[in-house]
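Below is one structure, written out as structure tokens; comments come after it.
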Amino acid sequence: MHLNPYGEYAVLLAASLANDWPDTRAGIIARTRGHGMTMTFPEGPEDHHEVHGVIHRWLEVVDAGTPGLRAELLNVLMKDAAAYPRLTDHDGEGWHLHYRDGGQSLAEVLLAVFSVGTALHLTTRGMTRLRRCEAGAAPGDPCRNVVVDVTRNGRQRFCSVRCGNRAAVRRHRAAHSQPASAPRSPRRR
């Protein structure tokens with residue numbers, strides 16, 4: 001049963017595109033299919049560029065410093081999507097809601113899907129459940145991936161196990177390092 005087809009999958013799709021931008025329109029379409037979108041999109045010459053613009057606007061929501069600013073930016077995205085909710089059975093798999101008009105471009109559809117999906121994700125899971133990987137906050141760590149927190153406890157801080165492990169190693173080394181000039185105390189057994 002799909003109660004919210006625009007929540008988690010839409011935000012995960014947006015994060016997937018933001019974290020690993022496809023080189024072509026076909027790559028974007030493949031990613032949408034991999035995240036469960038089944039509809040076809042009319043092809044436009046600027047699709048790749050326009051979807052990239054949608055992702056940049058969505059990243060402003062991710063990077064917003066406060067819940068209020070995040071909501072304000074997200075409201076602008078939803079206003080710009082400017083489509084009303086409608087029931088559809090376009091793929092013969094059952095009736096479901098769409099927040100878009102028929103015949104829209106790939107970028108227009110993704111703007112609607114990402115903005116409504118992000119709003120549903122944040123209002124049902126919490127306004128802080130979308131962020132950049134905390135590994136990127138460490139000096140010398142370039143990770144800027146988006147983290148969509150879908151955990152039960154709401155404490156996902158890293159985009160991957162790898163980033164989490166690197167952060168744990170840094171914390172361990174910082175806790176157990178001593179200045180080179182300080183004498184080390186002998187180990188007790």
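Because the structure is a prediction, the values reported are computed rather than measured. Throughout, residue positions are numbered sequentially from 1 according to the sequence presented.
- Side-chain contact between Thr151 and Arg129 is present, with at least one heavy-atom pair separated by less than 4.5 Å.
- Atoms CZ and CG, on Phe114 and Leu59 in that order, are 10.5 Å from each other to the nearest 0.5 Å.
- In the displayed structure, Arg33 atom CZ is contacted under 6.0 Å by more than 12 heavy atoms of other residues, nucleotides or ligands.
- Residues that satisfy the side chain to side chain contact (heavy atoms under 4.5 Å, CB included) test with Val150, not counting sequence neighbours, are Glu8, His121, Arg125, Val148.
- Side-chain atoms of Asp47 and Ile29, non-hydrogen and from C-beta on, never get closer than 4.5 Å to each other.
- For residues 68-80, the set of pairs meeting the salt bridge (charged side-chain N to carboxylate O under 4.0 Å, His left out) definition, not counting sequence neighbours, comprises Arg57-Asp80.
- At a threshold of 4.5 Å between non-hydrogen side-chain atoms, the residues Ile28 and Phe41 do not count as touching.
- Under the 4.5 Å side-chain criterion, counting only non-hydrogen atoms from C-beta, Arg131 is in contact with Asp149.
- Residue Ala10 comes nearest to Gly117 through the heavy atom pair CB-CA, 4.0 Å, listed as atom of the first residue, atom of the second, then distance.
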### Query
Would Asn165 and Val161 satisfy side chain to side chain contact (heavy atoms under 4.5 Å, CB included), going step by step from the backbone distance to the final call?
CA-CA 6 Å; Asn165 286 343; Val161 172; 3.5 Å; yes
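- Within the 4.5 Å cutoff, the side chain of Val11 has no heavy atoms near those of the Leu122 side chain.
- Annotation for Trp58 and Leu77: closest pair CA-CD1, 4.2 Å, computed over non-hydrogen atoms.
- Going from atom CD of Glu134 over to atom CG of Asn145 covers 13.5 Å, rounded to the nearest 0.5 Å.
- For Glu46, the side chain to side chain contact (heavy atoms under 4.5 Å, CB included) partners at least two apart in sequence or on another chain are His49, Glu50.
- The two residues Ala107 and Val54 have their closest heavy-atom pair at O-CG2, 3.7 Å.
- For the atom pair SG (Cys133) and CZ (Arg166), the distance works out to 7.5 Å, reported to the nearest 0.5 Å.
- Here the side chains of Asp20 and Arg31 are in contact, with some heavy-atom distance below 4.5 Å.
- Cluster annotation: Val76 is not connected to Met78 through the hydrophobic network of ILVMFWY side chains, with a link wherever side-chain heavy atoms come within less than 4.5 Å.
- In plain terms, the two heavy atoms of His48 and Pro22 that are nearest each other are NE2-O, 2.8 Å.
- Here the closest non-hydrogen pair linking Arg132 and Arg144 is NH1-O, 2.5 Å.
- Pairing each heavy atom of Ala112 with each of Ser115, the nearest pair is O-OG, 3.3 Å.
- In this pair, His172 and His176 present their aromatic rings tilted. The plane angle is within the 30 to 60° band.
- Looking only at distances, a side-chain donor or acceptor of Thr124 sits under 3.5 Å from a matching main-chain atom of Leu120.
- By the 4.5 Å heavy-atom criterion applied to side chains, Val109 and Val113 are counted as neighbours.
- No side-chain heavy atom of Phe158 sits under 4.5 Å from any side-chain heavy atom of Val147.
- Of the residues Ile55, Asn19, Asp63, the one that meets the side chain to side chain contact (heavy atoms under 4.5 Å, CB included) test with Val146 is Asn19.
- You'll find the ring centres of His56 and Trp21 outside the 6.0 Å limit.
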### Task
Starting from the C-alpha separation in whole Å, work towards a yes-or-no answer on side chain to side chain contact (heavy atoms under 4.5 Å, CB included) for Val51 and Leu111.
CA-CA 8 Å; Val51 172; Leu111 175 62; over 6 Å; no
